[in-house]
Amino acid sequence: MDIKAQSLYQEMQGMAEQSKLGLGESNAIQGNPSSQNFADLLSNAIGTVNDMQLESKDKAMAFEMGDKSLSLADVMVAKEKAGIAFEATLQVRNKVLEAYKQIMSMPV
């Protein structure tokens with residue numbers, strides 16, 4: 001088995017030149033688009049949970065005041081949805097804090 005190092009090196013150089021030509025066409029390096037919008041996504045999620053809690057509170061208040069268009073089942077479903085969303089938010093927060101603590105305790 002005879003491997004010619006010089007021809008292999010030239011072939012690798014040619015591939016490197018071709019890849020450089022491809023990089024020159026792009027003006028900007030694009031990163032992960034989801035990482036740029038993480039803060040917006042988190043803010044929207046918290047806002048949605050807050051809206052669900054306010055809606056649940058409003059429905060409960062309206063039912064207590066005698067609104068005939070709401071049934072007890074509607075109020076309870078809204079309350080449970082808000083509760084589940086809040087619990088999920090707490091679990092996400094706990095996982096993020098746990099990951100942060102693990103990262104901070106890593107030796108450098």
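Counting begins at 1 with the first residue of the sequence. Excluded from the calculations below are hydrogen atoms, water molecules and symmetry mates; all remaining heavy atoms, backbone and side chain alike, are included.
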Trainee: Excluding sequence neighbours, so at least two apart, what forms side-chain contact (heavy atoms from CB on, under 4.5 Å) with Asn50?
Mentor: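 For Asn50, the residues satisfying side-chain contact (heavy atoms from CB on, under 4.5 Å) (neighbours in sequence not counted) are Gln53, Leu54.
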
Trainee: Is there a side-chain contact (heavy atoms from CB on, under 4.5 Å) between Leu90 and Arg93 once you walk through the steps?
Mentor: CA-CA 5 Å; Leu90 283 178; Arg93 183 207 63 172; 4.2 Å; yes

Trainee: Any side-chain hydrogen bond (donor to acceptor under 3.5 Å, both in side chains) involving residues 68-90? Give me the pairs, sequence neighbours left out, ordered by first then second residue.
Mentor: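 Only Asp67-Ser69, Ser71-Asp74 qualify under side-chain hydrogen bond (donor to acceptor under 3.5 Å, both in side chains).
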
Trainee: Using every non-hydrogen atom in the two residues, find where Ala82 and Met52 come nearest and quote the distance to one decimal.
Mentor: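 Minimum heavy-atom contact is CB-O, 3.7 Å.
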
Trainee: Give me the one residue out of Thr48, Val49, Leu42 that meets side chain to side chain contact (heavy atoms under 4.5 Å, CB included) with Ile46.
Mentor: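 One option only clears the test, and that one is Leu42.
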
Trainee: Evaluate side-chain contact (heavy atoms from CB on, under 4.5 Å) for Asp51 paired with Glu55, printing each intermediate quantity in order.
Mentor: CA-CA 6 Å; Asp51 291 342; Glu55 179 185 354; over 6 Å; no

Trainee: Find the distance between OG (Ser56) and CE (Met61) and round it off to the nearest 0.5 Å.
Mentor: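 These two atoms lie 11.0 Å from each other.
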
